[in-house]
Amino acid sequence: MSIETTPGSAPDPEWERIVAGYLSPAPEPALQSAAKAPARQPLPADPMGDTPLTPAWTKTASGWKARAAVGRVNTVRGFRRWLRRQATEHGHAAQTWRGIARAALWVHGTEGAQVTAARHEVQQAQRDYKAAKWAHDRRLVPGKEKEKRRREMESAFAGSESAMSRYRSALREARMRRAGRAALALAPVAGVEGAGIHLLGTPGGLAATGATLAALTLLGRRTTAGELYTDREAKIGDGDRMTEDMVNRVYRSAKVIGAEDVVKLLSPCMLTADGSAWEVRLELPDGIPAAKALGATAQLANGFGVSVQQISQTKGEREDWLTLRVTLKVPFTGKPKKGPLLAADKVSLWEPQPMAVSERGDVMGVEWFEKTALFGGEPGAGKSAAANNPLLSAAKDVTADLYLADGKGGFDLSPFERIAQMIDTDGDPAKLLEILTHLWEVVLPGLKQVVKDHRVRKFSEALAAQDSRVRWTILYIDEWASYMAAASAEQQKELDRLLRLITQQGRAYAVIVIAATQKPDSNAVPTGIRDILSTRWAGRCMTPEASDTILGKGRATAGYNAQRILKSQRGVGYLQTGETSEPVLTQSYFYTDEEVEVILRRAYQLRAAAGVLPVAAVPEVTVLDHMVKAAAGTGRGNVTRAEVFAYLATVDPEFVRGEDESDVRYASRAGSVLKERLADLGVDVPAVQFPHDGKRVWGWTVDALQDAR
């Protein structure tokens, strides 16, 4: 775009400000928070639209490859649709025959009616003449009557002759006009055919014949009833493009809008930059709420020819605005994306923490201050993996204290033992009661005192920078129902009371309560507590009612039904952050056991350097105990020195290998440290040689370590 100015004219500050706003470069995209609406993108550098509306990605190698792949698929599907069409009255053979019949009908013309009328007159005149002649030929007729009948006979004869003359004239004229029209119709055919044969020989004749048939096919496009062929049942699932007609047809067939209503498109139907989905922003007709469209997901999927999982509708800024997205394949069926915590050196919970990825590829972040959370879903839905995201983020924040409880008595929380202030992995209600009591009687009063000392209403990032007593408190309870089932009546009452008080009063003091359960009903999570858990994550559920139990009543009928999540979509769930936000279908970041170990090892190092390791919560374990665990983990009955050093590096920062430390120097330093630690215990465990991986190595046997212990 060019801006013309008059030479020598004085600059206009207001005009310069407007132009600068148009031509300012777009800022870098920031992490999107699921609790806030996505910010509008600034205007492009070409606001007047001088450049063609062609996405830049189409000109890249990947863009050309994607377009070629789409072209191949559309070509194959288009050919299949053409084959199916040939068996109908819209087939090209049927069109050609209709064209021939209509051309013959035009050549025949309408003169046949005139000829038929003239022939009918001749027949009638001949009948009149025969009747008059029969009356005249009667013998017993008086003279005057005889003369009268003779005149009538002669008049009838003259009329017959005149009618015959008119008939012959009409027949001759009809034949001449038909011959002229036939010549007019055949002349182009003969001319094209002759020219083709003369210029190109047989190929030219064939081409001319094809052109003639194409012209006849064009004449026969309309059926006898006057209908033209239109792809009224075009579907995205068949490889067709999304169009305005398709959107309106599908919304009408889904009973979202009436037969006479029209959906207004606020943006053109466009293929996304990566070629994975069709998107369009639309405006519903008056009187039709967005909830009606959100609840018709199954009907819309049928109309577009795709699965329910491929339809996504989100409400816009207004009640009548929607964004429709139809993916070309079921989303989130591939491998989950690697989480960003692996690359993060440390984390601050005052910033939005990445939790998952939306269908559009946006990073969904959660602002955890004054937030609580509920993770639900059937076994295998990826609930624990999703809940791992906030726990691992908190682990890398040295100002966060972890209080963890696993009601099912599994091993999901075992890796957090070294950094958790208090933890229960046995499903013991007495231990959970101890944790809640400590939070209510010790932790919360201390946090409240900080607020009183500074005369503020609640915690903030600025307050945290002033006072080191401002700390995050993470309370994570997995399967509350299991604790309640194992607890006595008095324990149940006290557990319920303490959890309710901590949840209600802890939000202003950076206390985050996270509950995870397979079915969050009133037995699994008390109703009074469940209703104030603001952040929700609903994985695959068995019923719409179970989905509503997590996301809120009426969400399933509004289109947010976790029952529709497929089993192949591991870690996929509806993420709802805040009390009023709409759920978003996302796939949580997944960390393998090895990656969790790497993250927690870094968390241990950060906390050790900051001096905030939970000394009282972690029982003292000697280096010999760690050696025994390392040996037991091999399953061979022995353990090499390298394996012992690798295990000790995960629990003791002194055994962590330096970045520039060579193998020899690291082995020498770690061996010296280990020897000193064993000497402090008054233990001497001699190393022995044994075969391992085709060579002899130094190490220890399990029996020797057990005996020394």
Side-chain angles (χ1 to χ4, degrees), residues 372-376 379 383-384 387-388 390-392 394-395 400-447 471-506 509-526 528-530 533 596 600 603-604 607 612-622 625 629 651:
T372 50
L374 173 63
F375 291 82
K383 174 179 73 279
S384 299
N388 247 3
L391 292 182
L392 292 174
D401 296 329
L402 300 177
Y403 296 86
L404 312 176
D406 189 354
K408 62 181 182 294
F411 298 95
D412 293 341
L413 299 180
S414 297
F416 292 86
E417 283 186 294
R418 292 178 292 127
I419 62 172
Q421 297 293 328
M422 299 179 72
I423 187 171
D424 171 42
T425 58
D426 300 324
D428 186 356
K431 291 184 179 179
L432 177 59
L433 183 58
E434 181 182 348
I435 293 174
L436 297 182
T437 303
H438 177 77
L439 287 174
W440 177 246
E441 296 181 355
V442 179
V443 176
L444 262 177
L447 299 178
R471 298 187 61 81
W472 294 84
T473 303
I474 315 299
L475 173 60
Y476 176 77
I477 303 176
D478 192 359
E479 296 301 340
W480 172 269
S482 298
Y483 280 111
M484 298 300 282
S488 64
E490 292 183 1
Q491 286 178 327
Q492 291 179 3
K493 189 175 181 179
E494 186 66 10
L495 287 172
D496 184 271
R497 183 185 72 87
L498 290 175
L499 181 60
R500 190 184 304 271
L501 289 171
I502 294 170
T503 305
Q504 292 174 343
Q505 299 186 21
Y509 311 107
V511 177
I512 304 174
V513 178
I514 302 176
T517 184
Q518 296 178 9
K519 185 182 179 184
D521 53 15
S522 58
N523 296 324
V525 181
I529 299 175
R530 186 177 71 240
L533 297 178
V596 169
L600 294 181
Y604 184 92
R607 291 169 182 269
V612 293
L613 282 175
V615 178
V618 179
E620 183 178 355
V621 180
T622 65
D625 294 330
K629 288 185 178 180
V651 296

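When reading the values below, keep in mind they use all heavy atoms of this one structure, side chains included, and skip hydrogens, waters and symmetry mates.
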#### Entry: Full working for side chain to side chain contact (heavy atoms under 4.5 Å, CB included) between Leu613 and Tyr604
CA-CA 8 Å; Leu613 282 175; Tyr604 184 92; 3.8 Å; yes
### Task
Taking the side chain as every heavy atom from C-beta outward, state whether Asn388 and Asp412 have any pair of such atoms under 4.5 Å apart.
no
### Query
What heavy-atom pair brings Lys408 and Ser384 nearest, and what distance separates the two atoms?
NZ-OG, 4.5 Å
### Query
Is it true that a side-chain atom of Gln492 and a backbone atom of Met484 form a donor plus acceptor pair closer than 3.5 Å?
yes
### Message
Do Leu392 and Phe416 make a side-chain contact, defined as non-hydrogen atoms from C-beta onward lying under 4.5 Å apart?
### Response
yes
### Message
On a heavy-atom basis, which atom in Asp478 and which in Lys383 lie closest, and how many Å separate them?
### Response
OD1-CE, 4.5 Å
### Query
At what distance, to the nearest 0.5 angstrom, does CD1 of Ile502 lie from CZ of Arg497?
9.5 Å
## Note on the structure
Taken to the nearest 0.5 Å, the spacing of Met422 CE from Asp401 CG works out to 12.0 Å
### Message
Which heavy atom of Pro614 sits nearest to which heavy atom of Ala420, and what is that distance?
### Response
CG-O, 3.2 Å
### Query
Do Pro390 and Ile512 have side chains that get closer than 4.5 Å, going by heavy atoms?
no
### Message
Could you measure the distance from the CG atom of Asp428 to the CG atom of Asp406? Nearest 0.5 Å is fine.
### Response
12.5 Å
### Summary
Nearest heavy-atom approach of Gly427 to Tyr483 is C-CE2, 3.5 Å
### Message
To check you understand the geometry: which heavy-atom pair defines the closest contact between Ile474 and Ala400, and what is its length?
### Response
CG1-CB, 4.5 Å
### Query
Considering the options Ile477, Leu374, Thr372, Thr473, which one meets the side-chain contact (heavy atoms from CB on, under 4.5 Å) requirement together with Val513?
Thr372
### Message
Nearest 0.5 Å, please: how far is CG in Leu495 from CZ in Arg500?
### Response
12.5 Å
### Task
Considering non-hydrogen atoms only, spot the tightest contact between Ala603 and Ile419 and give its length.
CB-CD1, 4.3 Å
Side-chain donor-acceptor contacts of residues 430-447 below 3.5 Å, not counting sequence neighbours, with atom names and distances?
residue: Lys431; atom: NZ; partner: Asp426; partner atom: OD2; Å: 2.8
residue: Thr437; atom: OG1; partner: Leu433; partner atom: O; Å: 2.6

